[in-house]
Amino acid sequence: MKLKAHIGTIIHEAFNRLDISLSSEIQVVPASRVEFGDFQYNGVMKLAKSMGKNPKELALLLASQIDTSGAIAKVEVAGPGFVNIWLNDSWLDGAIGNLFENRFDNFANSLNPETIVVDYSGPNMAKEMHVGHLRSTIIGDSLANLFEFLGHKVIRQNHIGDWGTQFGMLIAYLEEQDSAAYAKLKDLEEFYKLAKTRFDSDTKFANKARDYVVKIQSKDKHCLGLWEKFISISLAHSQEVYDKLGVLLTPKDVRAESFYNDMLPEIISHLEQKNLLTVSDGAKCVFLPEEETPVIVQKRDGGYLYATTDLAALFYRYKTLKADRICYVVDARQSEHFKQVFKVAKLASFVGDETVLEHIAFGTMMDKNGKPFKTRDGGTIKLIELLDEAVSRAKDAIKSKENLKPDELEKLAQTIGIGAVKYADLSVNREANYIFDWDKMLSFEGNTSLYLQYAYARIQSIFSKTQIELNKDKLAIQNELEHRLSILLLSFKEVLLHAAKEATPHTITSYLYDLATLFMQFYESCPILKEGVSPKEQNTRLILAQITADTIAQGLKILGIGVVQRL
RNA sequence: GCGCUCGUAGCUCAGCUGGAUAGAGCACUCGCCUUCUAAGCGAGCGGUCUUAGGUUCGAAUCCUAACGGGCGUACCA
């Protein structure tokens with residue numbers, strides 16, 4: 001059910017009866033205040049203007065033609081031409097009954113499936129994952145989940161950095177240390193530092209490292225072997241983080257930088273053929289109109305750059321993966337880069353004219369004081385350590401910890417702690433910088449994952465106390481909270497569609513928070529299992545509670561967050 | 001210098017592409033547990049939406065400029 005669209009259709013029909021044709025789609029919005037009804041349509045005023053009519057008269061005319069025998073119970077015209085709309089309870093009975101029966105089964109069928117590539121996480125294999133990778137990983141994964149849930153074909157791509165000069169240094173050091181180094185690889189960060197120190201202090205070693213870079217590129221067997229070994233160990237570190245985070249990336253989603261190496265000369269020659277290439281200061285560049293700086297695709301020394309690789313990746317994703325939409329979940333600081341690369345890709349036809357290219361940008365993660373998130377001594381915080389801290393803090397926050405078995409507590413803390421980290425990130429507008437605050441994210445109050453998990457657990461508790469069989473044909477929505485809750489539940493699908501279109505997970509969290517809040521009100525004022533509640537009321541309220549729980553669980557699942565049966 | 005982006009309550013944030021009296025949470029004050037989880041609910045306090053113009057019936061939202069913060073500005077990714 002697309003609720004707003006359905007109401008829009010009814011209004012459209014009313015316009016048809018008046019022989020008024022519309023140029024744009026009808027936009028119905030939730031009423032700004034309770035006394036203005038459930039929804040409102042504000043388009044009359046603009047329309048009246050273009051028709052040279054009095055808005056209030058037109059609104060009244062429209063209202064007289066709106067069908068009030070179905071979804072809409074009542075229409076009122078207010079102010080200069082607002083059309084306020086109330087929905088019909090018995091119609092809601094049917095719609096909720098239908099939602100209860102089919103739940104979210106048909107959410108995936110309602111639009112043309114697209115092939116969507118989501119490029120996210122993309123850690124550099126030379127180092128361990130740190131907090132800088134968190135947002136891309138979390139946001140990207142939730143978007144991939146969302147697209148999948150809506151029936152699209154999603155191709156996750158983990159564009160790991162496995163190529164570049166650092167790897168010469170790292171494998172030279174690896175070779176030198178031999179077996180001892182393998183042990184040290186457990187701490188990649190430490191290993192990198194040691195190799196770097198060696199590189200800076202020993203020119204002989206530095207030369208060897210540079211030599212090894214060239215050797216990897218020329219596919220020297222020995223060096224390639226060392227390199228592969230190194231990458232596989234580093235990738236295992238990342239996988240450990242993904243597993244702990246509960247993101248769905250697996251080794252098969254890895255499409256590393258190095259994968260595109262062989263395509264790079266073709267990219268250059270293709271650009272040449274299209275007459276897009278200019279040699280400037282010895283470098284091969286694409287100059288774009290209205291852009292001050294060119295996109296450099298080949299350095300003076302013949303080396304390629306990340307723009308070249310990105311073009312190759314775009315080409316591959318279009319040509320081989322058949323992508324309709326390609327989403328890059330990457331730090332906002334790279335917006336200039338993507339803007340340019342996308343332009344070049346379109347100009348050079350590396351992608352189709354219709355291919356949607358999006359940079360899903362996000363801001364920097366800051367600490368409580370608004371400074372970049374670092375350790376006390378200014379170093380980067382390892383992601384794995386941050387996640388462990390989240391679980392440990394969650395453990396402390398759980399009230400019932402004394403009553404739980406250790407493994408139960410561990411599991412609960414995982415769900416809560418990791419969920420809190422993810423939710424905190426996903427619940428803010430991704431474009432702005434984001435303030436990471438342990439206390440806030442692990443609070444039960446406000447817009448947090450814990451609040452939603454608590455609402456869910458409360459509902460589970462109700463169902464653990466009753467065996468009543470639910471009957472969707474005996475729904476009888478009547479009081480205000482049942483009515484409002486029903487409408488909110490029916491809005492879920494359009495919320496997801498909107499979030500998918502705009503790539504804004506925070507619109508989902510806002511919705512879920514509103515839902516949980518409304519449910520809490522409902523819970524306080526609409527008793528279910530208490531004395532004096534009629535079977536009919538019980539049936540209705542239990543069904544609403546059930547759908548609420550399922551909606552919270554499903555919404556959180558899309559965000560990559562779990563629920564718990566008890567708290 | 002040029003470009004991008006942000007500026008909403010003391011703090012952290014929403015505001016659905018122009019609508020009615022700008023909303024939440026935290027903090028602070030005050031109410032509500034013999035009955036489904038009080039990790040909850042209700043009420044109060046708190047705003048010249050950075051500023052100045054413009055567009056129009058109507059602007060936090062769109063346009064222009066200024067101020068302030070963040071970021072980016074050709075051979076790193």
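What you see is a predicted model, and the numbers here were worked out from it, not measured in a lab. Quick note on labels: first sequence line is chain A, next is B, and so on, each numbered from 1.
Under 3.5 Å, the side chain of A:Q40 and the base of B:A20 form at least one donor-acceptor pair of N or O atoms. Within 3.5 Å, a donor on the side chain of A:R33 pairs with an acceptor on the base of B:U21, or the reverse.
Across all strands, A:I435 comes closer than 4.0 Å only to sugar-phosphate atoms, never to a base (heavy-atom distances). At a threshold of 4.0 angstrom between heavy atoms, the contacts of A:Y513 are confined to the sugar-phosphate backbone, with no base atom among them. Within 4.0 Å of A:V428, counting heavy atoms only, lie sugar-phosphate atoms of the nucleic acid but no base atom. Contacts of A:S510 with the nucleic acid, taken as non-hydrogen atoms under 4.0 Å apart, involve only primed sugar atoms and P, OP1 or OP2. Across all strands shown, A:E431 has no heavy atoms under 4.0 Å from either base or sugar-phosphate atoms. Nucleic acid contact for A:D301: none, since no nucleic acid atom lies under 4.0 Å from a heavy atom of the residue. Residue A:A78 is in base contact, counting any heavy-atom pair closer than 4.0 Å across all strands shown. Residue-level contact check: A:N84 touches the bases, meaning some heavy atom is under 4.0 Å from a base atom. Looking at heavy-atom distances under 4.0 Å, A:P30 makes contact with a base. Contacts of A:A432 with the nucleic acid, taken as non-hydrogen atoms under 4.0 Å apart, are absent.
Across the P atoms, B:G25 and B:G40 are found 11 Å apart, a figure rounded to whole Å. B:G46 and B:U29: their P atoms are spaced 16 Å apart (whole Å). Straight-line distance between the C1' atoms of B:G23 and B:G68: roughly 26 Å, to the nearest whole Å. For the P atoms, the distance linking B:G3 with B:C63 amounts to 15 Å, nearest Å. One P atom belongs to B:G53, the other to B:A59, and the distance between them is 14 Å to the nearest Å. The same atom, C1', is picked in B:U73 and in B:C62; the two are 28 Å apart, to the nearest Å. Taking atom C1' in both B:A60 and B:C45, one finds a spacing of 23 Å when rounded to whole Å. Here the separation of B:G10 from B:U51, taken at their P atoms, is 13 Å to the nearest Å.
Between A:K440 and B:U12 there is no side-chain N or O to OP1 or OP2 distance below 4.0 Å. Residue A:Y451 places at least one side-chain N or O closer than 4.0 Å to OP1 or OP2 of B:C41. A sub-4.0 Å separation between OP1 or OP2 of B:A77 and a side-chain N or O of A:Q334 is absent. Taking 4.0 angstrom as the limit, A:K465 places a side-chain polar atom (N or O) nearer than this to OP1 or OP2 of B:U37.
For the pair A:S335 and A:Y434, nearest-nucleotide mapping onto RNA chain B gives the more 5' position to A:S335. Take the nearest nucleotide of RNA chain B for A:K501 and for A:A307: the residue whose nucleotide is more 5' is A:K501.
Side-chain contact annotation: A:D162 with A:S258, donor-acceptor N/O pair under 3.5 Å present. A donor-acceptor contact closer than 3.5 angstrom is absent between the side chains of A:S427 and A:T509. Under the 3.5 Å distance criterion, with hydrogens and angles disregarded, a donor-acceptor pair is assigned to the side chains of A:N447 and A:Y423.
Here the P atom of nucleotide B:C16 and the CD1 atom of A:I508 are 17 Å apart, to the nearest Å.
Inter-residue side-chain proximity for A:P265 and A:Y304 is flagged as met; some heavy-atom pair is nearer than 4.5 Å.
Heavy atoms of other residues, nucleotides or ligands lying less than 6.0 angstrom from CD of A:E25 number 12 at most.
Remark: B:G42 base-pairs with B:C30. Criterion, Watson-Crick or G-U wobble with two distances under 3.5 Å.
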